[in-house]
Every structure is written in structure tokens, then in C-alpha cells.
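What follows is a short report on a single structure.
Reckoned from all heavy atoms, side chains included, excluding hydrogens, waters and symmetry mates.
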Amino acid sequence: MGTRLEVALLCWLAAGQALAAEPIRGAWRDKAPYHYWENGRAQGFLLQRARRLFAAAEVPAVFVERPSKRIWRDFQRGKQGFCSIGWYRLPERERLAQFSLPFHVDPPHTLLASAETLPAIQAHASFASLLADPDISLGVVDGVSYGPELDALIAGSANRVVRVTLSPAGLMQMVAAGRAGYMLADQADWQYLRRRDDGLSGLAEYHFRDMPPGLERYILCSKDVSTQVMGRLNRAITAWSAQGGGQ
């Protein structure tokens, strides 16, 4: 009897250890140059940074690419042992997931316009003045957050807001073709895409001093991920930041 109890106990302990060692599923969306596919390999500076941070925190993780809508559906459905990287912190997201410390800060958005539209853009002394112009159209990727401050400015804008279900690259092509007056672009997106798409050569980049500052990006994890795991991730982020925050 004692032997059977010992065997059962050992099996139970082994099962518990296996469960504890179950790796986090870390989801990323296709967003070059942050995280993307190239030549059949997962690439991107934020994906590589996340891998290093999870390794430094001694948190086993398997990183997989998923569409944005599926990632948020998994959070809404309470998927366990689940994290995702590179997101802004928004109130509606805080209800679904817990946030790490920030592990990247974007520069301010840049404004992109066609050569034909640029003079009308430059006629404005500020971004606030441009947003008050009803004769200019602003192209926006529908369903994507530009950050709380920009989202609010866009919602209150007098511009003709054209919402499209395109990627940022698709919207850039639309603006280059004159089907929208201007757009706001993540600077990393723009610098990556302009080197790879000759069709974007007609776009002009313009900066206003009153453009809202760039936002912080976070690692989000499902509510069941333990405080110990989140603590280890945060300590790894803090250590990485203290070392200068290199790639």
C-alpha cells in the first residue's frame, strides 16, 4: 500500500512540475519592422527583444504569429498562459489583460502626404490647425488605435476622415495615389516600407511640433499568469533598460 501511495505521489508531483513548466504562448502580429516574416523566418527588433527578455526572466515561451483580431479574441475568451507583445496601454485592454512595464517607446507619429497635398498641409502652422481644416481628408486604418490622445484628436477633427480596412502600407499607397489627403504613420513602419516599396516614392514626410509624443509598448499577459512571472519579466525589463536599452 505504501509503495502505491509513493508511486501516486510521485506521479502527482511530476504532473504538477510538467504543468508548471508549460511554456507561455507569446503571440505577435505581423507588423514590420517590429515583428514579421522574412524569407520564412520570424524577424523584427521587438520580437527579438521579447525573446531575450523572456529568456532573461527564465520564463519559457513559444512565440507564434497570430492576426490581431484572434489575439484579442483569445484575451476576451480568457485563454490561459497567454501573452502578446508590442501593444499600447488602453483602458479597454486593461480589463482583459495585465501589463508589463513598457519595453519600447515609439517616436511621435509622422505625417505623410502626396506632393500635391503637401502645400495645403504646410499652410497650417500646427497640427491642431490642420485638424480644424474641413477641406482636407485624413486617411485612417479602421480598427487600429493611434494611441488615446491621437484617437481623441481624430474623433474630434473637422477633417474628412476616410476609414479604410487596409494595412498601413495599403493606406500609404492610397495617399500616394491621391485618394486621401494625408495619413499618420508610425515612424518605424514608414522607414521600413519606404525602402522596400518604390510606389511610395511620391510620399512626402512632414512633422508638426505639436504632434503628440510617441507611446510606450508593453507585453500583455492573460490574467492567470502569476504575479511571480510578471515580476520576473518586469525585473528583466528594468535590467535591460538600466543597461541602455539596446536592441
Side-chain angles (χ1 to χ4, degrees), residues 24-36 42-57 59 61 63 65-66 68-69 71-72 74-76 82-112 127 140-141 143-155 167-168 183-193 205 207-223 225 227 229-247:
I24 292 286
R25 184 60 59 98
W28 54 273
R29 67 199 191 280
D30 189 7
K31 179 178 170 58
Y34 294 95
H35 13 73
Y36 63 102
Q43 306 282 344
F45 72 92
L46 268 198
L47 177 58
Q48 299 307 320
R49 187 179 303 172
R51 284 174 168 160
R52 293 190 185 105
L53 289 170
F54 273 82
V59 176
F63 289 91
E65 187 260 332
R66 294 287 184 267
S68 296
K69 288 185 177 179
I71 290 171
W72 288 107
D74 284 343
F75 276 123
Q76 289 168 346
F82 184 64
C83 295
S84 188
I85 64 174
W87 297 95
Y88 295 150
R89 187 165 193 158
L90 302 174
E92 59 270 23
R93 293 174 179 173
E94 291 179 344
R95 293 192 289 269
L96 300 174
Q98 51 186 328
F99 286 70
S100 71
L101 293 174
F103 78 126
H104 179 70
V105 181
D106 289 349
H109 279 74
T110 190
L111 185 150
L112 301 178
F127 183 54
V140 172
V141 178
V144 168
S145 173
Y146 291 76
E149 189 172 354
L150 271 177
D151 287 348
L153 290 172
I154 292 169
S167 66
M183 66 174 287
L184 303 172
D186 183 305
Q187 289 197 38
D189 287 357
W190 167 235
Q191 297 304 328
Y192 174 83
L193 291 167
E205 183 178 357
H207 299 271
F208 284 109
R209 290 185 178 180
D210 61 335
M211 184 67 69
L215 296 181
E216 297 169 327
R217 293 186 183 273
Y218 297 81
I219 299 169
L220 282 68
C221 291
S222 52
K223 297 284 190 176
V225 173
T227 55
V229 166
M230 297 304 297
R232 292 207 299 273
L233 283 173
N234 284 335
R235 285 191 291 275
I237 292 169
T238 299
W240 168 82
S241 299
Q243 294 167 4
Q247 297 293 327

Spacing of [atom1] belonging to [X] relative to [atom2] belonging to [Y], to within rounding of 0.5 Å:
X    : Y    : atom1 : atom2 : result
D189 : L112 : CG    : CG    : 10.0 Å
S100 : R235 : OG    : CZ    : 13.5 Å
F82  : I71  : CZ    : CD1   : 5.5 Å
E65  : Y36  : CD    : OH    : 13.5 Å
C221 : I85  : SG    : CD1   : 11.0 Å
E94  : L96  : CD    : CG    : 10.5 Å

For the student: nearest non-hydrogen atoms of [X] and [Y], plus distance:
X    : Y    : value
L215 : P148 : CD1-CD, 3.8 Å
G86  : R217 : O-NH1, 2.8 Å
P168 : M183 : O-CE, 4.1 Å
I219 : C83  : CG2-CB, 4.4 Å

Whether the side chain of [X] engages the backbone of [Y] through a donor-acceptor N/O pair (distance < 3.5 Å, no angle test) should be reported.
X    : Y    : result
R232 : V59  : no
Q187 : P108 : yes
T110 : E205 : no
R89  : Y218 : no
S84  : A27  : yes
Q98  : S222 : yes

Requested in this report: Indicate, with yes or no, if the rings of Y34 and F45 have centres closer together than 6.0 Å.
Outcome: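 Centroid separation for Y34 and F45: below 6.0 Å.
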Query raised in the report: Run the side-chain contact (heavy atoms from CB on, under 4.5 Å) check on Y88 and D106 step by step: do they pass?
Result: CA-CA 10 Å; Y88 295 150; D106 289 349; 3.0 Å; yes
Requested in this report: Measure from NZ or CZ of R29 to the centre of the six-membered ring of W87, then state whether that distance is under 6.0 Å and the direction lies within 45° of the axis.
Outcome: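 Verdict for W87: a cation-pi partner in R29.
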Check: [Y] and [X] side chains under 4.5 Å, non-hydrogen atoms:
X    : Y    : answer
R93  : S145 : yes
P212 : L153 : yes
S68  : V144 : no
L150 : M211 : yes
L47  : Q43  : no
R25  : R66  : yes

Query - Intermediate values then yes/no, side-chain contact (heavy atoms from CB on, under 4.5 Å), L184 and F127 - result: CA-CA 11 Å; L184 303 172; F127 183 54; 4.0 Å; yes
Query raised in the report: Could you go step by step and tell me if K31 and D186 meet the side-chain contact (heavy atoms from CB on, under 4.5 Å) rule?
Result: CA-CA 11 Å; K31 179 178 170 58; D186 183 305; 4.0 Å; yes
Query raised in the report: How are the rings of W28 and H35 set relative to one another: parallel (under 30°), tilted (30 to 60°) or perpendicular (over 60°)?
Result: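 Answer is tilted, since the angle falls between 30° and 60°.
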Query raised in the report: Do the rings of Y146 and H109 sit parallel, tilted or perpendicular, given the 30° and 60° boundaries?
Result: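 Tilted.
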Query raised in the report: Does the pair E216 and L101 meet the rule for a side-chain contact (heavy atoms from CB on, under 4.5 Å), with working shown?
Result: CA-CA 9 Å; E216 297 169 327; L101 293 174; over 6 Å; no
